[in-house]
Amino acid sequence: DEETEKDDPATLKPRPPVVAVMGHVDHGKTSLLDALRGENVTAGEAGGITQHIGAYQVKTKKGGVITFLDTPGHEAFTQMRQRGASVTDIVILVVAADDGLMPQTIEAIKHCREANVPMIVAINKIDKEGANPQKVRERLLEHEIIVEAMGGEVQDVEISALKKTNLDQLIEKLALQAELMELSANPDRPAEAVVVEAQLDKGRGAVATVLIKRGTLQRGDTFVVGAESGKVRAVIDDHGKQLKKATPGMPVEVLGLSGVPSAGDVLTVVENETRAREVASYRKEQQNKARTTQAPV
Ligand code: GDP
């Protein structure tokens with residue numbers, strides 16, 4: 001398990017929080033992720049659009065950084081957790097103020113509880129007629145989510161993803177929550193990262209977007225990821241820029257994989273290519289075995 005071997009507390013340095021967006025369908029998860037990604041666009045970037053690589057970073061007013069998983073919904077979150085690779089530090093629970101608590105809202109609350117991940121409630125669509133944020137807070141209370149405005153400790157913020165209202169406030173609240181959590185990792189060791197998404201790219205071969213959990217990933221590193229192996233040919237950030245190295249909390253695209261891994265697979269840097277291939281082929285065998293035994297007769 002990725003968490004078994006702990007780093008010496010003396011080696012730990014602060015790292016950015018990783019944030020996922022959850023909530024009921026049509027409550028505005030994609031709109032919010034798009035709006036926040038827009039805050040991240042730098043002058044001169046092609047068409048003012050950041051690359052979609054499955055995760056991106058946004059700067060806070062104080063000069064901090066927040067990493068967002070750019071996959072709305074519960075799949076990424078649960079799939080990664082099933083594989084034992086927990087990446088999410090904070091969840092933004094999006095609730096549409098005109099629609100209120102719905103089945104997937106309740107499901108998201110349950111996921112957060114089970115994973116022990118703190119939530120920030122974003123009451124969305126406050127620009128709409130019929131928006132009733134207070135009713136959302138009251139319904140949350142029924143589910144034992146007591147937001148600040150009701151005297152509790154769960155931060156909440158009224159937003160409009162469409163009109164980009166109060167997004168700054170949301171970012172600052174995330175930063176505050178992260179500060180309380182004192183998130184840290186050891187950057188001075190071989191890298192360990194989690195696959196957020198991966199695909200076969202026509203020109204570039206197998207490409208994986210990974211989130212660095214600890215250590216530093218650099219060009220030339222030899223690694224195992226799921227049942228694949230490889231040697232890092234390039235490390236690319238969410239602006240499409242090639243980097244020399246990636247540190248904890250950063251989402252980056254990695255080139256140089258033998259094949260396409262699955263979301264939730266853990267990428268581990270190992271000492272040499274022989275070792276990498278050994279581990280990968282052993283895992284492939286295990287996968288094939290599991291497949292044969294599970295196959296219907
Ligand atoms: P998702 O299914 O949760 O990802 O929801 P989407 O982001 O796709 O949004 C669903 C619909 O709600 C779209 O038509 C959006 O334009 C609209 N929407 C999202 N946020 C807002 C908002 O703040 N105000 C208003 N009026 N509409 C919004």
Side-chain angles (χ1 to χ4, degrees), residues 18-41 47-58 66-81 87-115 117-140 143 145 147-149 154-174 196-197 199 209 211 238 251 263-264:
V18 178
V19 176
V21 174
M22 294 173 96
H24 196 70
V25 64
D26 279 346
H27 279 198
K29 298 180 294 295
T30 311
S31 306
L32 177 60
L33 281 166
D34 289 350
L36 291 168
R37 198 190 311 111
E39 310 264 299
N40 176 38
V41 173
I49 298 165
T50 342
Q51 293 218 146
H52 174 90
I53 69 165
Y56 60 82
Q57 290 193 312
V58 168
I66 298 174
T67 304
F68 290 92
L69 291 176
D70 201 1
T71 342
H74 309 179
E75 262 154 72
F77 186 80
T78 45
Q79 196 177 20
M80 285 186 223
R81 227 164 65 78
V87 288
T88 309
D89 299 306
I90 305 168
V91 163
I92 301 175
L93 181 69
V94 177
V95 188
D98 60 335
D99 203 22
L101 264 64
M102 295 298 276
Q104 286 168 287
T105 320
I106 316 276
E107 196 194 321
I109 292 171
K110 200 172 134 236
H111 282 316
C112 291
R113 281 227 172 91
E114 277 168 14
V117 173
M119 270 179 343
I120 288 184
V121 181
I123 305 177
N124 191 31
K125 307 200 188 185
I126 53 155
D127 60 290
K128 276 184 98 169
E129 220 175 299
N132 191 347
Q134 187 56 20
K135 191 170 164 210
V136 172
R137 293 189 190 99
E138 284 163 16
R139 288 292 317 281
L140 283 167
H143 293 270
I145 308 290
V147 297
E148 277 179 325
V154 178
Q155 300 194 82
D156 65 312
V157 52
E158 293 182 15
I159 63 161
S160 165
L162 193 74
K163 307 257 171 172
K164 303 187 168 50
T165 312
N166 289 346
L167 297 186
D168 277 1
Q169 232 186 78
L170 174 60
I171 290 172
E172 293 322 307
K173 286 191 183 231
L174 286 166
V196 176
E197 62 174 48
Q199 70 277 325
T209 295
L211 237 158
D238 52 342

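When a ligand or atom number is given, it counts from 1 through the structure's own listing order. These numbers come from a predicted model, not from an experiment.
- For ligand 1, none of its N or O atoms has an N or O atom of Leu32 under 3.5 Å away.
- Which parts of ligand 1 touch Asp26 is read off a 4.0 Å heavy-atom cut-off, strictly below it: atoms 1 (P), 2 (O), 3 (O), 5 (O), 10 (C), 12 (O).
- At a 4.0 Å heavy-atom cut-off, ligand 1 touches Asp127 through the side chain alone.
- Between Asn124 and His27, the side chains place no donor N or O within less than 3.5 Å of an acceptor N or O (distance only, hydrogens not considered).
- At least one side-chain heavy atom of Gln134 sits under 4.5 Å from a side-chain heavy atom of Asn132.
- Residues Thr165 and Asp127 are not in side-chain contact: their nearest non-hydrogen atoms beyond the backbone lie 4.5 Å or more apart.
- Against a heavy-atom cut-off of under 4.0 Å, Lys128 is close to the following atoms of ligand 1: 26 (N).
- Counting only distance, with no hydrogens or angles, the side chain of Asp238 and the backbone of Gln57 share a donor-acceptor pair below 3.5 Å.
- A 4.5 Å side-chain heavy-atom check between Ile159 and Val94 finds every atom pair outside the cut-off.
- A side-chain donor-acceptor contact under 3.5 Å links Thr209 to the backbone of Ile53.
- In the vicinity of Ser160, heavy-atom distances shorter than 4.0 Å reach the ligand 1 atoms 22 (C), 23 (O), 24 (N).
- Summarising the contacts of atom 20 (N) of ligand 1 with Asp98, Asn124, Ile159, Ile123, the nearest heavy atom is found in Asn124.
- Note: no N/O pair closer than 3.5 Å links Lys163 and ligand 1 by distance alone.
- The shortest N or O to N or O distance between Val25 and ligand 1 is not under 3.5 Å.
- Remark: ligand 1 atoms within the under-4.0 Å shell around heavy atoms of Lys29 are 1 (P), 2 (O), 3 (O), 4 (O), 5 (O), 7 (O).
- Of all atoms in ligand 1, numbered sequentially from 1 with element shown, those under 4.0 Å from a heavy atom of His24 are 3 (O).
- Here the straight-line distance linking atom CG of Leu101 with atom NZ of Lys135 works out to 10.0 Å at 0.5 Å rounding.
- Nearest residue to atom 5 (O) of ligand 1 from Ser31, Ala35, Gly28, Gly23 is Gly28 (criterion: closest heavy atom).
- Contact of the Lys173 side chain with the Glu148 side chain is registered, since non-hydrogen atoms from C-beta on lie closer than 4.5 Å.
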